[in-house]
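Let me begin by presenting the structure, written as structure tokens, before commenting on it.
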Amino acid sequence: MDEARPEYERIYRVVCQIPRGVVTTYGDVAKIAGGGIDARTVGEALNALPKDRAQEIPWQRVINARGGISTRGMVQRTLLEEEGIAFGADGRTDLRRFGWAGPSPEWCAANGCTPLPPRSDPQAEQLPLF
DNA sequence: CAGATGACTCCCA
DNA sequence: CTGGGAGCCATCT
């Protein structure tokens with residue numbers, strides 16, 4: 001039997017908090033989870049994610065810091081497009097529009113996680129609707 | 001215990 | 001934009 005991996009479970013819990021229609025990065029998930037977890041560890045956790053559990057965990061909403069998909073194949077991109085995520089010609093998406101702001105502060109407190117630092121983007125308010 | 005690997009990220013040329 | 005290199009952490013040989 002595969003041993004329980006508490007570090008991974010915390011990562012999964014954070015990913016489950018990502019609402020439909022938005023995406024986040026490995027680094028952000030790592031910061032939220034905290035506890036010596038970094039972007040690479042998040043990737044490992046999702047890679048080791050069993051298929052039966054992939055149905056409940058929106059792993060597809062986790063992408064790299066460049067706004068692109070690190071996985072091979074079109075599976076992840078297709079799933080995200082189904083949720084309304086738009087990709088550019090280079091296969092990247094605008095994190096300022098589809099980027100996840102992080103879980104609620106109360107959730108963080110209840111799960112011992114760290115909320116995401118507020119990124120003040122003056123242009124984020126002026127983003128065109130298109 | 002040491003080396004290699006990976007769904008990562010940042011910095012610099 | 002593209003490459004190369006370093007930093008980082010967990011898992012497997």
Side-chain angles (χ1 to χ4, degrees):
Chain A
M1 283 297 286
D2 56 352
E3 313 69 67
R5 279 166 264 197
E7 311 293 71
Y8 285 10
E9 289 301 325
R10 179 150 65 256
I11 293 174
Y12 298 152
R13 210 163 305 150
V14 173
V15 175
C16 284
Q17 295 304 307
I18 307 175
R20 184 180 181 278
V22 298
V23 293
T24 190
T25 67
Y26 297 95
D28 285 353
V29 174
K31 287 177 183 174
I32 294 170
I37 295 177
D38 73 330
R40 212 156 208 167
T41 306
V42 174
E44 255 301 298
L46 295 182
N47 181 38
L49 187 64
K51 265 193 174 182
D52 53 324
R53 208 162 294 263
Q55 302 177 45
E56 4 179 321
I57 299 179
W59 59 269
Q60 68 270 24
R61 294 174 192 150
V62 183
I63 61 180
N64 59 41
R66 295 177 183 174
I69 293 179
S70 300
T71 58
R72 290 177 276 164
M74 302 286 292
V75 182
Q76 186 170 9
R77 174 171 174 172
T78 303
L79 287 171
L80 291 176
E81 286 180 332
E82 290 285 319
E83 298 186 356
I85 305 296
F87 287 86
D90 52 359
R92 295 208 281 172
T93 188
D94 191 348
L95 287 174
R96 278 186 303 201
R97 251 190 82 187
F98 301 107
W100 183 37
S104 58
E106 54 204 32
W107 188 93
C108 290
N111 291 267
C113 292
T114 306
L116 226 49
R119 54 176 68 180
S120 50
D121 283 316
Q123 293 195 345
E125 303 292 337
Q126 301 180 357
L127 276 177
L129 293 179
F130 173 83

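In what follows, every chain begins at residue 1, and chains take the letters A, B, ... in the order their sequences are listed. Computed from a predicted structure; not experimentally measured.
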Salt-bridge test for A:Arg92 and A:Asp90: reply yes if a basic N is under 4.0 Å from a carboxylate O, no otherwise. yes

(message) Need one value for A:Arg77: base, sugar-phosphate or nothing, where a base atom within 4.0 Å counts as base even if backbone is also close, heavy atoms only.
(response) nothing

Of the candidates C:dC9, C:dC1, B:dC8, the side chain of A:Arg92 sits closest to C:dC1

Between A:Arg66 and A:Gln60, whichever has its closest DNA chain B nucleotide further toward 5' is A:Gln60

Point to revise | Side chain proximity check, A:Val15 to A:Arg61, heavy atoms < 4.5 angstrom | key: no

A:Ile63 CD1 to B:dT9 P, in whole Å, measures 9 Å

Taken to the nearest whole Å, CG/A:Asn64 to P/C:dC8 is 21 Å

note: A:Arg72, atom CZ; B:dT5, atom P; distance rounded to Å ~ 15 Å

In whole angstroms, the gap separating C1' of C:dC8 from NZ of A:Lys31 amounts to 13 Å

Expressed in whole Å, how much space separates the P atoms belonging to B:dA7 and C:dG7?
22 Å

The reported gap from CG in A:Leu49 to CD in A:Glu44 (rounded to nearest 0.5 angstrom) is 11.5 Å

Out of C:dA10, B:dA7, B:dC10, minimum distance to the side chain of A:Ala65 belongs to B:dC10

A:Trp59 atom CH2 is separated from B:dC8 atom P, nearest whole Å, by 13 Å

Given B:dA7, is OP1 or OP2 found less than 4.0 Å from the side-chain N or O atoms of A:Arg61? no

- Task: Report yes if some heavy atom in the side chain of A:Glu56 is under 4.5 Å from a heavy atom in the side chain of A:Tyr12; otherwise report no.
- Result: no

Between CG of A:Leu49 and P of B:dG6 the distance, given in whole Å, is 19 Å

Looking only at B:dC8, C:dA10, B:dA7, the nucleotide nearest the A:Thr71 side chain is B:dA7

Here the distance between atom P of B:dC8 and atom CG of A:Leu46, to the nearest Å, is 10 Å

- [ ] Check the hydrophobic clustering (I, L, V, M, F, W, Y; side-chain heavy atoms under 4.5 Å; chains of links allowed) and say if A:Val42 and A:Trp107 are grouped together.
- [x] yes

Assign each of A:Tyr8 and A:Asp90 the nucleotide of DNA chain C bearing its closest heavy atom; nearer the 5' end lies the nucleotide of A:Asp90

Rounded to whole Å, the CD-C1' distance (A:Glu44 to B:dT9) equals 16 Å

Looking only at B:dT9, C:dA10, B:dG6, the nucleotide nearest the A:Tyr26 side chain is B:dT9

Against the side chain of A:Thr25, the closest entry in B:dT9, C:dA10, B:dA7 is B:dT9

